[in-house]
Amino acid sequence: MHTLTTNPAAIDGTIFRQLLGRFATGIVVLTVRHEGSIGGMTVNAFMSGSLDPPLIVASVGRSASLHGPLMQCSQFGMSILARDQEDISRHFARQKVLSDSPEVAFMNGVPVLSSALATFVLHAENRIPCGDHTLIIGLVTQVQLGEQEPLVYFRGGYRSLQQANVPT
């Protein structure tokens, strides 16, 4: 166990990453069409920003290859990954090269992943610098919902939900 501190400069980056890893998250892939090509990146730092209007916030590292295109685009896609899509997550996180590129569909001209649990088309409303990341706030303009189980990330690894047997 490590001692907590109130001095932000004294918090070790490795320990901070481990602390954040204690929060289970879903996995999404952000997609954008930029200069005639389609780019994508895996993120697990996203959240609902507002229900009315429907806003989603994603955190993108400034060193990410897709940061520049996301800063310039007017629209982008977000796909929530299903339990069987770990390879797709690793592909867009640049951890694994797939023999076939993941299948992309277009919703109003915006690329999203075809077989995702849920997909969103977002209009880029605002971008806010946040340390070494940028928060991108997107207004949801179109959605599509699947029925699979979600892919979950916890303590540095991929997981899936397991329902407990609950007596009825």
Side-chain angles (χ1 to χ4, degrees), residues 1-32 39-51 54-67 69-71 76-104 111-120 122 127-138 140 143-167:
M1 181 66 81
H2 296 280
T3 304
L4 299 177
T5 180
T6 56
N7 178 0
I11 297 174
D12 177 75
T14 302
I15 292 171
F16 187 58
R17 191 176 201 50
Q18 289 174 2
L19 288 164
L20 295 175
R22 300 304 196 262
F23 182 68
T25 65
I27 302 292
V28 302
V29 171
L30 299 181
T31 47
V32 65
M41 70 176 291
T42 299
V43 300
N44 71 342
F46 74 101
M47 66 178 190
S48 166
S50 169
L51 295 176
L55 298 173
I56 291 178
V57 181
S59 181
V60 177
R62 290 189 186 178
S63 63
S65 61
L66 209 63
H67 186 269
L70 284 166
M71 294 304 102
F76 61 100
M78 177 180 280
S79 303
I80 299 176
L81 298 186
R83 176 175 53 195
D84 63 349
Q85 295 181 310
E86 179 179 334
D87 284 347
I88 291 173
S89 175
R90 291 185 184 281
H91 172 79
F92 285 109
R94 314 293 189 262
Q95 297 171 344
K96 181 177 188 171
V97 177
L98 298 177
S99 56
D100 294 320
S101 293
E103 190 175 325
V104 173
V112 294
L113 298 178
S114 299
S115 57
L117 172 59
T119 55
F120 304 82
L122 301 128
R127 296 163 180 96
I128 302 168
C130 184
D132 59 358
H133 281 61
T134 299
L135 302 179
I136 302 173
I137 301 172
V140 178
V143 298
Q144 189 170 32
L145 179 62
E147 294 298 326
Q148 311 96 305
E149 291 292 318
L151 182 62
V152 179
Y153 199 74
F154 177 70
R155 293 185 80 170
Y158 293 93
R159 314 289 171 111
S160 61
L161 297 180
Q162 294 185 3
Q163 294 182 353
N165 293 329
V166 178

Is a donor on one side and an acceptor on the other found under 3.5 Å between the side chain of Arg127 and the backbone of Met71? yes
Check whether Ser50 reaches the backbone of Leu55 with its side chain - one donor and one acceptor, N or O, closer than 3.5 Å. no
Who are the side chain to side chain contact (heavy atoms under 4.5 Å, CB included) partners of Val57, not counting sequence neighbours? Met47, Leu135, Ile137
For Arg90, all residues meeting salt bridge (Lys or Arg N to Asp or Glu O under 4.0 Å), sequence neighbours excluded: Glu86
Considering only residues two or more places apart or on different chains, which pairs with a residue in residues 91-103 satisfy salt bridge (Lys or Arg N to Asp or Glu O under 4.0 Å)? Asp87-Lys96
Within this structure, what is the CG-CG distance for the pair Leu81 and Leu151, rounded to the nearest 0.5 Å? 6.0 Å
Results of side-chain hydrogen bond (donor to acceptor under 3.5 Å, both in side chains) for Thr42 - residues two or more places apart only: none
In chain order, what residues pass the side-chain hydrogen bond (donor to acceptor under 3.5 Å, both in side chains) check against Ser115, with sequence neighbours excluded? Gln85
Can you list everything that forms a side-chain hydrogen bond (donor to acceptor under 3.5 Å, both in side chains) with His133? Sequence neighbours excluded, please. none
Would you name the heavy atoms of Ala118 and Leu145 that are closest together and state the gap between them? CB-CD1, 4.3 Å
Over all heavy atoms of both residues, which pair between Pro111 and Val104 is shortest? Give the atoms and the distance, please. CB-CG1, 3.6 Å
What are the two closest non-hydrogen atoms of Ser89 and Ile27, and how far apart are they? OG-CG2, 3.4 Å
Ser101: side chain to side chain contact (heavy atoms under 4.5 Å, CB included) partners, not counting sequence neighbours: none
Looking at residues at least two apart in the chain, or sitting in another chain, which of them share a side chain to side chain contact (heavy atoms under 4.5 Å, CB included) with Val143? Phe120, Val140
Going by the rule ring-ring contact (aromatic ring centres under 6.0 Å, His included), which residues pair with Tyr153 if we only count those two or more places apart in sequence or in a different chain? Tyr158
Least distance between heavy atoms, Met78 atom then Ile56 atom: CE-CG2, 3.6 Å
Give me the atom names and distance for the closest heavy-atom approach of Phe92 to Pro102. CE1-CG, 3.7 Å
When you compare the side chain of Leu113 with that of Ile88, does any pair of heavy atoms fall below 4.5 Å? yes
Give me the atom names and distance for the closest heavy-atom approach of Thr119 to Ser79. CG2-OG, 3.6 Å
Listed partners of Val60 passing side chain to side chain contact (heavy atoms under 4.5 Å, CB included), at least two apart: Leu30, Met41, Ala64, His67, Leu70, Ile136
